[in-house]
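Here's the structure we're looking at; comments come further down.
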Amino acid sequence: MIAALRFLIPLLVVLTVVYVCVSLYSRRVRRDKLEARWRDKGMTGNRDAFINRGLKKYDASFRRKLILGVYVVPLGLIAVLIYVTNFM
């Protein structure tokens, strides 16, 4: 059990760093797309309000929740590997 904790704690730290980086990158890409859409369509009005509305929609989107797969996939694979190794 202690050996598993010695492995899982650094793994969770690394996964957290990866999650934050992917999340920030994805948000930046969405912001760039909204800015490009504003520029390409020649919209008028408050640009910052348009971008903030778009980012608020992005925060509630399914795509944002998919980034949690950074945690689910590796930990799930480790759980399956441990199960297969020990019980099959």
Side-chain angles (χ1 to χ4, degrees):
M1 183 67 173
I2 299 295
L5 287 177
R6 286 181 29 198
F7 171 71
L8 286 177
I9 290 173
L11 177 65
L12 287 175
V13 170
V14 169
L15 289 176
T16 300
V17 170
V18 169
Y19 172 79
V20 168
C21 290
V22 169
S23 181
L24 291 175
Y25 172 75
S26 180
R27 188 171 176 85
R28 184 68 215 168
V29 167
R30 174 56 67 188
R31 176 181 283 283
D32 290 345
K33 286 182 180 181
L34 287 168
E35 289 173 354
R37 182 174 173 201
W38 175 271
R39 189 175 48 250
D40 293 344
K41 296 226 180 204
M43 295 179 172
T44 59
N46 191 350
R47 180 177 157 270
D48 291 333
F50 172 77
I51 292 172
N52 286 335
R53 273 194 316 268
L55 289 177
K56 193 170 278 195
K57 286 181 185 177
Y58 168 74
D59 288 340
S61 71
F62 184 66
R63 171 177 270 176
R64 173 95 172 163
K65 290 166 184 63
L66 280 176
I67 297 174
L68 288 173
V70 167
Y71 287 111
V72 174
V73 172
L75 295 177
L77 288 175
I78 290 170
V80 167
L81 183 65
I82 290 171
Y83 177 79
V84 168
T85 303
N86 290 324
F87 300 112
M88 291 202 155

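Quick note: numbers below take in every heavy atom, side chains included, and nothing from hydrogens, waters or symmetry partners.
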Residues 21-43 vs ring pair (Phe, Tyr, Trp, His ring centres under 6.0 Å), sequence neighbours excluded, gives Trp38-Phe50
Establish whether Leu68 and Val17 are linked, either directly or via other cluster members, by ILVMFWY side-chain heavy-atom contacts under 4.5 Å. no
Are Leu15 and Phe7 co-members of a hydrophobic cluster defined by side-chain heavy atoms under 4.5 Å apart? yes
Taken in chain and number order and not counting sequence neighbours, the residues that satisfy ring-ring contact (aromatic ring centres under 6.0 Å, His included) with Phe62 are none
Give me the one residue out of Arg37, Arg31, Lys56 that meets side chain to side chain contact (heavy atoms under 4.5 Å, CB included) with Ile51. Arg31
If you group Ile, Leu, Val, Met, Phe, Trp and Tyr by side-chain heavy-atom gaps below 4.5 Å, do Val70 and Leu8 land in one group? yes
I'd like a table of donor-acceptor pairs (distance under 3.5 Å, sequence neighbours excluded) in which one partner is a side-chain atom from residues 74-88, with atom names and distances.
{"residue": "Thr85", "atom": "OG1", "partner": "Leu81", "partner atom": "O", "Å": "2.7"}
{"residue": "Asn86", "atom": "ND2", "partner": "Ile82", "partner atom": "O", "Å": "3.2"}

Quick one: list whatever passes side chain to side chain donor-acceptor pair (under 3.5 Å) with Ser26, sequence neighbours left out. Tyr58
Among all residues two or more places apart in sequence or in another chain, which pass the salt bridge (charged side-chain N to carboxylate O under 4.0 Å, His left out) test with Arg47? Glu35
Going by the rule side-chain contact (heavy atoms from CB on, under 4.5 Å), which residues pair with Ala49 if we only count those two or more places apart in sequence or in a different chain? Asn46, Arg53
To the nearest 0.5 Å, what is the distance between CG (Asp48) and CG (Leu34)? 11.5 Å
Tell me the salt bridge (charged side-chain N to carboxylate O under 4.0 Å, His left out) pairs involving residues 71-82, sequence neighbours left out? none
Set of residues satisfying side-chain contact (heavy atoms from CB on, under 4.5 Å) with respect to Ala36, sequence neighbours excluded: Arg39, Asp40
Not counting sequence neighbours, list each pair that qualifies as a salt bridge (charged side-chain N to carboxylate O under 4.0 Å, His left out) and has a residue in residues 62-88. none
Can you list everything that forms a side-chain contact (heavy atoms from CB on, under 4.5 Å) with Val22? Sequence neighbours excluded, please. Val18, Ile67
Return the set of residues passing salt bridge (charged side-chain N to carboxylate O under 4.0 Å, His left out) with Asp59 (not counting sequence neighbours), or none when no residue passes. Arg27
Can you name the ring-ring contact (aromatic ring centres under 6.0 Å, His included) partners of Tyr71, sequence neighbours left out? Tyr19
